[in-house]
Novice: 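Before anything else, here's the structure in question.
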Amino acid sequence: MQHGVGIRQSSVCRTGFSPCFGTRPHMPRYNPAEIEPRWQQYWEQNKTFETPRLPAGKKLYALDMFPYPSGSGLHVGHPEGYTATDIVCRYARMNGYAVLHPMGFDAFGLPAEEAAISKGIPPRESTEKNISNFRRQLKMLGFSYDWDRELATTDVPYFRWTQWIFLQLHDTWFDEEQQKGRPISELPIPADVQAAGSDAIRTYIDQQRLAFQSDALVNWCPGLGTVLANEEVIDGLSERGQHPVVRMPLRQWMLRITAYADRLENDLEGLDWSEGIKKLQRDWIGRSTGAEVDFFIGGSAEFDAWRASRQASGFPKEASADCLRIYTTRPDTLYGATYMVIAPEHPAVDRLTTPEQQAAVTAYREATAAKSDRERQEEKKKKTGVFTGAFAINPVNGRPIPIWIADYVLISYGTGAIMAVPAHDDRDFEFAQQFGLDIVAVVDPGDATDVDRALVLAGQQCSTGHGLAYQSGPYDGLKTAECKERITGDLSEAGTGRAAVNYKLRDWLFSRQRFWGEPFPLLHELDDDGNPTGMIRPVPEDQLPVDLPHLEDYKPHGRPEPPLAKADDDWLYPVIDGKRYRRETNTMPQWAGSCWYYLRYIDPNNDQALVDPELERAWMPVDLYVGGAEHAVLHLLYARFWHKVLYDRGHVSTAEPFQKLVNQGMILGEMEATGFQTPEGTWVSARQVSPGPERGTWVRQGTDEPINAVHVELGQVEKKGDSFVLKEDPAIVVDARSHKMSKSRGNVVNPDDIVRDYGADSLRLYEMFMGPLEATKPWSMDGVKGVRGFLDRAWRLVIDDRAEAIVLSDAVVDSPCSDEARRTLHKTIKAVTHDLDGMSFNTAIARMMEFVNFFTKEAERPREAMNAFALLLAPFAPHMAEELWAALGHDSTLAYEAWPVHDEQWTVDAAIEIPVQILGKMRSKIRVAPDADAATMEAAARADEKIQGQLEGKTVVKVIVVPGRMVNFVVK
RNA sequence: GCGGAUGUGGCGGAAUUGGCAGACGCGCUAGACUCAGGAUCUAGUGAGGUAACACUCGUGGAGGUUCGAAUCCUCUCAUCCGCACCA
C-alpha cells in the first residue's frame, strides 16, 4: 500500500480547475489521503450538494437514521447505511432528481447524561464535543449531505418545536367515531359531566387528551433514577445499563398511542417495508378481538334479579361494583369457564377477599409486589395463586365459580381479570391442574391431529384449537367462529357482555426523571399558599422554547423527583398574568426528538412553524429511509404516531412519513476461532462443551467441570466436514465464526483507521461490496485490501502512475471503441444501472471490476469509455471518480453530469454460447446468433459432433429449445 | 415455547427468478519482471478422477414435481435474530 507517497510540493496544476488549491502535490499513484480531503473541500466551498428549497422537478428524499453521538465515535456500522443512501442520492442527482439528503444528531438522552456524569462534564458540553467528532468523521467519508441543514435534537431552536408538538398532543383528543385526532376545543362534554361543574369538566377534558397524566404502575429504575417505557425494559432490567427495574405507582405523563393502534396497523399495508418489519410492528400492536363479559358477584339467589336489571339497563360503560369484568378472545368457551383469575393488583381484590382468605391473599400480594419483573419472569414456569374466597356467577349457565388471584394475569392488559377455561387454554389448564380446579371441555376438536379427542373431551388434555361447541347448551355443534359471534351477540342483548378489541400496545409512558431531555412546556397552577391546584396550563406558544435551566447538580438521586426540581426559583416558578406557577419538572424521553426530525430537515431554520407547509408538501414523504433493524418497533412506531397526530391536525400532508424502509444488516467482527481447554490446558472438543451457569463461562457437557475458551489462530485450524478442527488434532472441534463487534471482545473496527490506511472510497466500496445491504456479514481486512486493489487498478487504468503529476495514461486515446470494448462498456452501463435501481450495490461493484479487468488488458482505452466509467464509479467512490473526471479534462464536478445510457444493441454479443443437454445433462456447447430461432438452434445442436455421437442409436423423443438459452434432447 | 430470517468452494458472496452452479473479490498455487517483495502483471484454483481429455459427484439433509431444480412442493436438521403468561 502506498501511503503518503510523494507529498513533495510541485507546481503542476491543471489550468482553470478550481479544486486545485494552491500548489498541487506530486502524486503519481493513487493517494486517497491527498485526493479525498481536497474534494471534500471543493464540495463544501462550492456548495455542490446544497439542496434547493423547493424541488423543481422529480424529487428524492433519502434519509439516514441520524446517529446518537456517543463518545466512542462512529462505528463501521454507521457508514454502511449512510453509504447506501449516499450512492442512491448521487445516482439520483445524475438522473436529474432534486435530492434532499440531510444529516443530524439525536443528542438527548440517558447515555449522554450517564457519560457526562461519569466524566464530570456537563451534558451539553460533552454532547457538543461528541457531535463535532461525529461531524468530522462523517465529512471524512465524503457523504453528499447538505450540511446547511444539519440539526441536533438538543438545539434549543429545534426542541422549541418538539415542545410545540407536545402541546399539539396535549391539545388533541381522539374521536373514536371519526378515527381522528381533533382539537380539544371540539370535544363534546357529556351531560352528566357538564352538570358536575367546572372542575369535573376540566378533569374530563384532561383525561381525553393525547398527552395525559396517569397514576398507573410504572417501571421505576432506581439505578438510572428514572421511569422507563415498557419497551426500554428487557427481562426486568433496563435496556441501558442493565439495572433492575421495579414496578411502582407514580403519576406520569402518558401519550395515548393506543388510540392510533388501528391506524398504525392498517396503514402499514401501503408501505414499501419488508414484510418482516411490518409483522414485527403488527405483533407489537398485537390487536386481538373478543368480548368483555361481566360476571355477577353474589349469591345465586340474587343472580336472576341482576340479570333482569342488566337486561333493562344494557351493558354499562364502566363495570359496576357488583360484577367482575373480564376480556376474552374466546367467548365461545364461556360454558367451560370453571373459575376466574384476577391480577394481584386488581382494585377489586380487597372487596372480594373473604375474611378467612384475607391472610393468604395479603401474603400473596405482598410477595408479588416484592418480586421484581425479573424474578417474576424467572419463575414464570410454575403457576402460583391464591383463592379469594369469593364466587362469581357464570352469566350463561348461572353456575357459581371461584375467583382466584394469580400473577399470571396481568393488570395492564384487558380488564386485569379473566375467565379461566382450563380445557382450552394452556395457562388455565396448567393452573387448574396445579390447584385441582374443574376442567370442562366445551370445544370438540374433531379430527384435529395435534390432540387426542377422547382425552380432551374428558378434560384430561388441553386443546386450544377451533372445533365445534360442546356441552354449551344452545350453542352445541356450532363452529368456533360462528359460536363466538352468536354468544357475543346474545351477551350484548342480555346486557352482560359486548364485543371488544384489545391491544398488546400500551400507552406510551412519556416522562423521565432526568436532566438531559426536553422540558415539558407545562405549568402547574399554584394557590396562594404555593400548593398546586391541580390545574395545568400549557406554556403559551410565543413563550417557547422552555430551555433547560442551569444546574450545578443534575445527577439523579434514586428518588422519583426529577433533577429539574432543583432549579432556581426564577426558572421553576414563573408568573404569568399575575398567577404563580410551578413548571413541570419531568423531561421527555430520547425518542421525542427523533419522532419528527425528518420534517425539520425540510425547513431547518423556520422560526414561524415546524416546517413550511409548501415545502412539506413538496418534499414529503421520505422516499427512502435506511437504518438499523433495532429501531424496527420503537422509533418507527413512535414517529408514525406523532406523524399521524400532526396529519390529523393539518400540519403535514401525508398519512405516513416513511414510504420505503430498508434495514441494513449488522456488520460482525472478523472471523475468529475459539478452542476449549480444561484448566490444565488439555484440548476439549467444542462438541463436548456447553454454556455454564454464568454468562460467558463454559463447562464440560453434563458436568460442572469448568472449561476455558481460548483464542486460536485461524492458521491452526482447518475445515473438516461441517466444522473446523485443530490441524494438530483433528478430533478437537473449534468454534469458528464471527461475533458482534464489542469493546469487551476487542474486535471493534474504527472507521478512522480504515480511512487512514485505505481511504474513504475504499471503506465505502468495501462496505457495499461485502454483500447485500440487508444481510448480516462479517468484517474482513483482506476484503478492504481487495477493494483498495480495485481502486488502484482503476486509477492506473486512466492515470499514468509513473508520471510526475496526475496526467492521463498513454493508453487513454481519443479513438473510438473497438466493437468488443464497446460491448463491454454498454454491458457495464446496463448492469450497473440495473443493480443500482435494485440497491444491489455488491453486484454493481463486481460489474465495474470486470470493466477494469477488461480495459486493463487493452492497450488502447478510449476516452469515451473512461468518461463513462468515471461517471459509473461516482456514486460509489466519489473522490476518485471526481479526480479521474478532472484528469480526463473536465473542469467541474461530475455530481450533476448525466448518468450514462446504454445502447441495447451493444449489450448483445455477435454469437453466444449455448449449452446442449441430453436428458438434462450438459453434453456440449454450440455457438449461435443471440437471436437464433428454435429451429436454427436445434439444427446447430444436431450438427454438433459430440451430440451426434451421444444421439447415436437412441430415439429422440422430444427436443426442448429455449431461444437464447439452451437445447435439450429427451432420448430413449 | 411462538414468530421471522438464513443455509451455495478454504472465506465474503453471484446466479437475468425453473435453463451452462460458483460471476466478482479474498485466500491459495505456479510463473514473469527481478537485490528484494505483504508491490505489479500473467495463468490456475468446487470435490473425485485422468498424462491430458472423458467421466462421476456437488448448493445443510431426505423425498417429490419437471425434459431440466440452488430456485417450486413435503418432511427434517442447523445457525442467527425478534417476542415471550397479552387471556
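Naming: A, B, ... by sequence-line order, numbering from 1 per chain.
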Novice: Any chance the rings of Phe769(A) and Phe841(A) have centres within less than 6.0 Å?
Specialist: no
Novice: With heavy atoms under 4.0 Å as the rule, sort Arg282(A) into base, sugar-phosphate or nothing.
Specialist: nothing
Novice: With sugar-phosphate meaning primed atoms plus P, OP1 and OP2, does Lys857(A) contact a base, only sugar-phosphate, or nothing at under 4.0 Å between heavy atoms?
Specialist: sugar-phosphate
Novice: Carefully, step by step, assess Trp273(A) and Gln281(A) under the rule side chain to side chain contact (heavy atoms under 4.5 Å, CB included).
Specialist: CA-CA 11 Å; Trp273(A) 296 15; Gln281(A) 291 223 344; 3.9 Å; yes
Novice: Side chains of residues 916-925 of chain A: which donor-acceptor pairs under 3.5 Å do they make with residues two or more places apart or in other chains?
Specialist:
residue, atom, partner, partner atom, Å
Ser924(A), OG, Asp944(A), OD1, 3.3
Ser924(A), OG, Asp944(A), OD2, 2.8

Novice: Using a 4.0 Å heavy-atom cut-off, write out nucleotides 18-28 of chain B from 5' to 3' as B (base contacted by protein), S (sugar-phosphate only) or - (no contact).
Specialist: -BB--BBSSS-
Novice: Between C1' on A87(B) and CG on Leu410(A), what's the gap in Å once rounded to a whole number?
Specialist: 9 Å
Novice: Lys279(A) NZ to C83(B) P: how many Å, rounded?
Specialist: 13 Å
Novice: For Lys504(A), answer base if it contacts any base atom (sugar-phosphate contacts may also be present), sugar-phosphate if it contacts only those atoms, and nothing otherwise; contact means non-hydrogen atoms under 4.0 Å.
Specialist: base
Novice: Have a look at Ser288(A) and say if it touches a base, only the backbone sugar-phosphate, or nothing, with a 4.0 Å heavy-atom cut-off.
Specialist: sugar-phosphate
Novice: Assign Thr776(A) to base, sugar-phosphate, or nothing according to its heavy-atom contacts below 4.0 angstrom with the strands shown.
Specialist: sugar-phosphate
Novice: Check for a donor-acceptor pair, side chain of Thr328(A) on one end and backbone N or O of Arg330(A) on the other, with a separation under 3.5 Å.
Specialist: yes
